[in-house]
Amino acid sequence: MSTADLSAWFKERPKWLQRAAKELLEKDQLTDKDIIDLAELCRKEAVGDPGEFEYAFSVEAFTTTTSDAVRLCSIGDVQDINALAPKIPLDFGESNLAIIYGQNGSGKSGYVRILKHVCGARYQGTLHSNFYSSESSIQRCSISYEINGSATSRKWQANSGVIGDLCGLDIFDSSCGQVYIANENEVSYEPPVLSFFSSLISVCGKVSQLLDAEAAKLVSQKPALPSDYVATVSGQWYANLSKDLTVNDIAKYCSWTDKDKKELEQLDKRLSEQSPDDKAKQLRAKKQHADTLIQNTEELLKKLSDENCRRILTAKKQSLLKLNASKAAAEQVFIDAPLEGIGSDV
C-alpha cells in the first residue's frame, strides 16, 4: 500500500484518528497527555465539532532509516551487585566487539548480568546482593556509552529497568546460547507500515478505555427501574432512552388506550385477591361445610319419612287413647276412696 493510498484512506477516517496517526509518526510513542487530548477530540467530533484537520502522509513516512551508532564504553561505581567492587571501571575499549574473560570468581557473570538487565537481553538472571557486605544498599552502577560519537553517562539502579539507548546492544554468554539452541525461537520481521498500524490500534484501545472510564462515572438521572422489569420490552426501551429520541418514538411506547386501561383493571383485581393457596383453603373449607350439611339433611330426611311420620302419629294417637282410658278407669276405681285425689297426678 502506497502513502497516497494511505492518505486517501485516512481522509475518510475521523479527524481524531488522523491526528493520532500524525502524532504517532512524529513521536513514535504517545504520552498520557496525548491520549487525553485525542479522547477530547473524539468526544467533540462525536457531538458534531470535528474541527479543521486533515493529514496527508509524506512519501518518507514509512521508509527505513539508519539507526544511531551506539557503543558501550564502561561500567563503574558498582554497588551491592554480586561481589563486584572494582576500584576502576571496566573498560570495553574502542572496538564494537568486546569479550570479557578471566578466572573463575573474577566477576564475569556479575558484569554480564548487569549488561543483560541494562540492555533488556533474554535470560537476564538474578542480580545477587554482595554476600560479603554487612550493610544492604541499593544495587546500582554507572554506565558510559557513545551515540554517534557523542559520549554520555547514566546512573542505573536494578529496579529502574532497561536503558532505552542500549536496547540495540547484543549480549551473549553460555546461558544465552542454551536459550537459543535448546528452546524454540521464532524470528520475524514486521514492516514499518504494519508496526505503525499496530501502534495505532494500541492508541485507539487506550482512547476507548479512557472514554469508557469517563462514561462509567456518569450517573444516570433516570429513576432506577425495578429488576423484575429490566428484561421486558418496555424495560429495554427505557434503558435506551437518550436525547435523540423522537416524539413519535415516545408516542409509540407511551400511548394509553382503553385496552391498556382494561388490562390494568384486571391486573389490579387479581392483585387485590388473596393468594391462590389461601383461596383454595377457603374453598375447601366451604365445600367440607356444605358436604356436612348435605349429610345431616339426608339423615334427617330419612328420619322424617312418610312411614316414620305415620308411626309417630299412630303412637301418639294410641297414647292419648290409653291416657283417657286410664283416667276413666281411675275415676271408677277410686270414686269411693276415703281421701280425695287418689288416682290423680298429684
Side-chain angles (χ1 to χ4, degrees), residues 26-32 63-190 192 195 198-199 202:
E26 292 177 352
K27 301 181 180 180
D28 190 44
Q29 187 173 3
L30 303 188
T31 63
D32 293 340
T63 56
T64 56
T65 57
T66 305
S67 302
D68 295 330
V70 181
R71 186 177 67 84
L72 188 64
C73 297
S74 65
I75 298 179
D77 298 330
V78 182
Q79 180 177 323
D80 199 28
I81 299 177
N82 289 24
L84 299 177
K87 295 181 180 180
I88 60 174
L90 175 63
D91 192 353
F92 295 101
E94 301 293 333
S95 174
N96 292 331
L97 175 66
I99 299 176
I100 302 176
Y101 64 94
Q103 298 178 355
N104 291 339
S106 60
K108 303 185 300 297
S109 298
Y111 280 114
V112 171
R113 287 184 181 180
I114 292 175
L115 291 174
K116 286 182 178 181
H117 281 266
V118 169
C119 301
R122 301 180 65 180
Y123 198 75
Q124 298 175 350
T126 304
L127 295 178
H128 299 287
S129 299
N130 190 345
F131 177 78
Y132 299 100
S133 177
S134 59
E135 298 180 356
S136 60
S137 59
I138 299 175
Q139 294 179 306
R140 60 189 179 186
C141 65
S142 297
I143 308 291
S144 298
Y145 56 93
E146 292 181 357
I147 299 180
N148 295 329
S150 177
T152 183
S153 179
R154 292 278 298 272
K155 299 289 185 181
W156 180 83
Q157 294 184 6
N159 59 353
S160 62
V162 301
I163 297 177
D165 294 338
L166 302 180
C167 289
L169 298 181
D170 294 324
I171 310 299
F172 183 84
D173 64 351
S174 58
S175 299
C176 291
Q178 291 296 325
V179 172
Y180 286 105
I181 294 174
N183 299 338
E184 293 184 0
N185 297 276
E186 180 179 350
V187 179
S188 62
Y189 168 74
E190 187 177 28
S195 177
S198 297
S199 301
S202 176

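- With sequence neighbours excluded, the residues satisfying side chain to side chain donor-acceptor pair (under 3.5 Å) with Ser142 are Asp77, Lys155.
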Q: Take Ile100 and Leu90 through the side-chain contact (heavy atoms from CB on, under 4.5 Å) test and state the conclusion after the steps.
A: CA-CA 10 Å; Ile100 302 176; Leu90 175 63; 4.1 Å; yes

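- Checking Gln157 against Arg140 by side-chain atom types alone, no donor-acceptor pair falls below 3.5 Å.
- Scanning for side chain to side chain donor-acceptor pair (under 3.5 Å) contacts around Asp165 gives Tyr145, with sequence neighbours left out.
- Across all non-hydrogen atoms, the minimal contact from Ile143 to Val118 is CD1-CG2, 4.3 Å.
- No donor-acceptor pair under 3.5 Å is formed between the side chain of Thr126 and the backbone N or O of His128.
- Although no hydrogens or angles enter the test, the distance criterion places no donor-acceptor pair under 3.5 Å between the side chain of Asp80 and the main chain of Ile138.
- Although no hydrogens or angles enter the test, the distance criterion places no donor-acceptor pair under 3.5 Å between the side chain of Gln79 and the main chain of Leu84.
- At least one donor-acceptor pair under 3.5 Å links the side chain of Ser199 to the backbone N or O of Ser195.
- The salt bridge (charged side-chain N to carboxylate O under 4.0 Å, His left out) analysis of residues 88-114, with sequence neighbours excluded, yields the pairs Arg71-Glu94.
- Distance check: Phe92 CZ to Leu115 CG gives 4.5 Å after rounding to the nearest 0.5 Å.
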Q.
Pair Asp170, Phe172 - check side-chain contact (heavy atoms from CB on, under 4.5 Å), show working.
A. CA-CA 7 Å; Asp170 294 324; Phe172 183 84; over 6 Å; no

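- Between Ile114 atom CD1 and Ile75 atom CD1 the span is 5.5 Å, to the nearest 0.5 Å.
- Listed here is the closest heavy atom pair of Cys119 and Val162: C-CG1, 4.1 Å.
- The closest donor-acceptor contact from the side chain of Glu146 to the backbone of Ala151 lies at 3.5 Å or more, if one exists at all.
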